[in-house]
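Numbers here simply count residues along the sequence, with the first being 1. Order of listing sets the numbers, starting from 1, for every ligand and every atom in it. Every value quoted in this text rests on a predicted model; they were computed, and no experiment measured them.
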Amino acid sequence: MIITEKKDHKQLLENIKEYKSFFLIGCSECASLCGTGGEPELKEMKELLESEGKKVTGTFVAKTGCQVLGTKVELKKNFKDEVNDSECILVMSCGAGTQSAVDLYKNKPVYPTNDSLFLGNMTRLQMFDERCSLCGECILDKTGGICPVTTCPKGLLNGPCGGTNEGKCEVSSDIECAWTRIYNRLKEINRLDDMKKMTEPKNWAAHKRPMNLNVREKASAKKD
Ligand code: SF4
Ligand code: SF4
């Protein structure tokens, strides 16, 4: 899931100071789980804007904010007037959700209320860890399923480095050494020999931005 954090309210209010009326869009998925874009946060934002003398014409929590088509259908069907009556749209999801709204409302200013931080695993309620940085060429098959690209601060493909110390990383004693974890994991699953295999330098071209994928097109190309 995409982990988001609320922007500082002072900064947000400064960004939108010239507008008087707003339509608020949240997201029922990641942003709700992060506490940045579900019903309670939309209510809180509405109260904040109203306390600043602004008008909120409507609020809507999209099922999946980054799904452009689904969000468009939901908004056009149920909130056409409320959106039309607003001068500005505030999106309380991730940057992808904000850009869905930009796609849908070409002639209206759209502002994000959140910062998008990383792709995260939720380990406990509203506690998130970054475990994959979407590098485009996964090496988990070589590392016992633990990602050094993301969880080793140096992103070492072969490790550990000389700084590992009693299972901790030299960069910070708060961080477990990813390569010690990989070693322990491989030992646990009787694959310690994998530690001796060198991983070749990464093909970073596999991660050139902006990425896109058309699953149906790719599948039919494979059949041909
Ligand atoms: S190697 Fe790490 S960053 Fe790359 S895809 Fe696999 S889990 Fe994600
Ligand atoms: S100590 Fe471990 S986690 Fe830290 S940089 Fe070296 S190999 Fe990576």
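- Within the coordination shell of atom 8 (Fe) of ligand 2, defined by N, O or S atoms under 2.8 Å, C152 is present.
- When all heavy atoms of I182 and M195 are compared, the closest pair comes out as CG2-SD, 4.2 Å.
- If you number the atoms of ligand 2 from 1 as listed, the ones under 4.0 Å from a heavy atom of A178 come out as 3 (S).
- Crowding of M211 atom CE: a count of heavy atoms from other residues, nucleotides or ligands under 6.0 Å exceeding 12.
- Among protein heavy atoms, atom 1 (S) of ligand 1 sits closest to I139 N, 3.4 Å.
- Around atom 8 (Fe) of ligand 1, protein N, O or S atoms at a distance under 2.8 Å total 1; waters are neither shown nor counted.
- When hydrogens are left out, the protein atom nearest atom 4 (Fe) of ligand 2 is C169 SG, 2.4 Å; that is the closest non-hydrogen contact.
- Looking only at heavy atoms of the protein, atom 2 (Fe) of ligand 2 is closest to C177 SG, 2.4 Å.
- N15 pairs by the side-chain contact (heavy atoms from CB on, under 4.5 Å) definition with Q11, Y111, not counting sequence neighbours.
- Put simply, Y19 and V110 are part of two different groups of oily side chains (I, L, V, M, F, W, Y) that touch within less than 4.5 Å, one to the next.
- Here the shortest heavy-atom distance to atom 7 (S) of ligand 2, taken over G159, G163, C161, S172, belongs to C161.
- C161 and E170 make their closest contact through SG-OE2, 3.9 Å (heavy atoms, listed as atom of the first residue, atom of the second, distance).
- Between K20 and E52 there is no salt bridge, since no side-chain N of the basic residue sits under 4.0 Å from a carboxylate O of the acidic one.
- For the residue pair L186 and T143, the shortest heavy atom distance occurs at CD2-C, 4.3 Å.
- Applying the 6.0 Å contact sphere to CD of E5 captures no more than 12 heavy atoms from other residues, nucleotides or ligands.
- Atom OH of Y183 sits in a sparse spot, with 12 or fewer heavy atoms from other residues, nucleotides or ligands closer than 6.0 Å.
- Counting the atoms of ligand 2 from 1 in the order shown, those under 4.0 Å from a heavy atom of K154 are 5 (S).
- Residue T164 has at least one heavy-atom neighbour below 4.0 Å for each of these atoms of ligand 2: 1 (S).
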